[in-house]
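In listed order, ligands and their atoms are each counted from 1.
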Amino acid sequence: MPAERYTVRVSKDYLVFSAGHFISYNGGECERLHGHNWRVAVEVDGPLDENHYVFDFIALKNRTKEITDELDHRMLLPAENPHILVSGDEKRISVHYKKRDWLFPREECVILPVPNTTAELLARWIGQRLLDVLKRQHLFVPEAMRVEVEESFGQSATWHWQR
Ligand SMILES: [Zn+2]
């Protein structure tokens, strides 16, 4: 490890998405539908480039915001939850849990490849999308990335990734 490290960070007020969700817990309990104004922060570590920065702040903010915008004003649903069953056609998504059923317009849902829409797994999904976009669009792979998703004030989860 080098003795010096640099990190750039973009957050939070700019990177907000308001969405609905509910999670299962304790092996089969299920929350009621509710929403959050999730706030996201991203940090990337790396060496300085020829501009003497790790990565362009504006590009990092914009690429992150494009991802969080996909979640904004949507119902977030898990594709891989063993208790919350999500199915549908091109018009609507139906969700089934024990004796409870929900029906949503498809265009108002995002079905995520996760077992639960926790802050932890939302952070991971955002981070993996961002790594992919930074590599493809900017040929940039950081040494490390951290994505924090804050669900309410003082309550957040962070995904850590290292090359
Ligand atoms: Zn919640």
Side-chain angles (χ1 to χ4, degrees), residues 7-45 55 57-135 137 142 144-162:
T7 298
V8 294
R9 175 182 173 90
V10 295
S11 67
K12 268 186 181 169
D13 297 333
Y14 183 79
L15 298 171
V16 183
F17 62 96
S18 306
H21 86 149
F22 49 87
I23 65 170
S24 68
Y25 60 99
N26 290 347
E29 304 291 308
C30 184
E31 292 181 339
R32 288 190 188 175
L33 197 163
H34 63 280
H36 299 280
N37 297 315
W38 276 284
R39 305 197 309 159
V40 176
V42 173
E43 292 183 347
V44 295
D45 298 347
F55 188 73
F57 280 120
I58 305 296
L60 185 61
K61 268 207 285 198
N62 288 344
R63 294 298 86 76
T64 307
K65 185 160 170 35
E66 285 158 13
I67 295 167
T68 57
D69 278 351
E70 291 177 29
L71 306 177
D72 194 33
H73 290 189
R74 294 291 193 281
M75 181 66 206
L76 309 182
L77 294 165
E80 299 164 6
N81 189 292
H83 308 287
I84 299 169
L85 305 178
V86 177
S87 60
D89 55 30
E90 62 283 356
K91 279 197 159 168
R92 51 199 139 229
I93 298 295
S94 70
V95 183
H96 177 75
Y97 167 83
K98 293 186 179 169
K99 289 180 178 168
R100 291 151 67 190
D101 291 287
W102 302 261
L103 191 63
F104 302 101
R106 173 175 278 277
E107 67 271 17
E108 295 181 19
C109 297
V110 177
I111 301 170
L112 296 165
V114 296
N116 228 350
T117 55
T118 56
E120 288 84 342
L121 293 182
L122 293 176
R124 179 173 189 254
W125 182 81
I126 292 166
Q128 289 178 331
R129 288 284 310 274
L130 186 59
L131 281 173
D132 183 53
V133 165
L134 293 179
K135 190 175 180 181
Q137 293 187 22
M145 176 183 282
R146 288 168 297 284
V147 177
E148 179 188 1
V149 170
E150 188 181 80
E151 181 166 286
S152 53
F153 288 109
Q155 194 166 312
S156 72
T158 302
W159 174 75
H160 298 250
W161 176 88
Q162 205 155 3

Any Thr118 side-chain heavy atom under 4.5 Å of Leu121 side chain: yes
Side-chain touch Trp38/Val16, heavy atoms, less than 4.5 angstrom: no
Under the side chain to side chain donor-acceptor pair (under 3.5 Å) test, residues paired with Ser152 that sit two or more places apart: none
Residue pairs passing the side-chain hydrogen bond (donor to acceptor under 3.5 Å, both in side chains) test where at least one lies in residues 67-80, sequence neighbours excluded: Lys65-Asp69, Glu70-Arg129
In the protein, N/O/S atoms that are found under 2.8 Å from the Zn ion (ligand 1), waters not counted: His21 NE2, His34 NE2, His36 NE2
Set of salt bridge (charged side-chain N to carboxylate O under 4.0 Å, His left out) partners for Arg9, sequence neighbours left out: Glu43, Glu148
Check: Ala144 main-chain N/O paired with Asp45 side-chain donor or acceptor under 3.5 Å: no
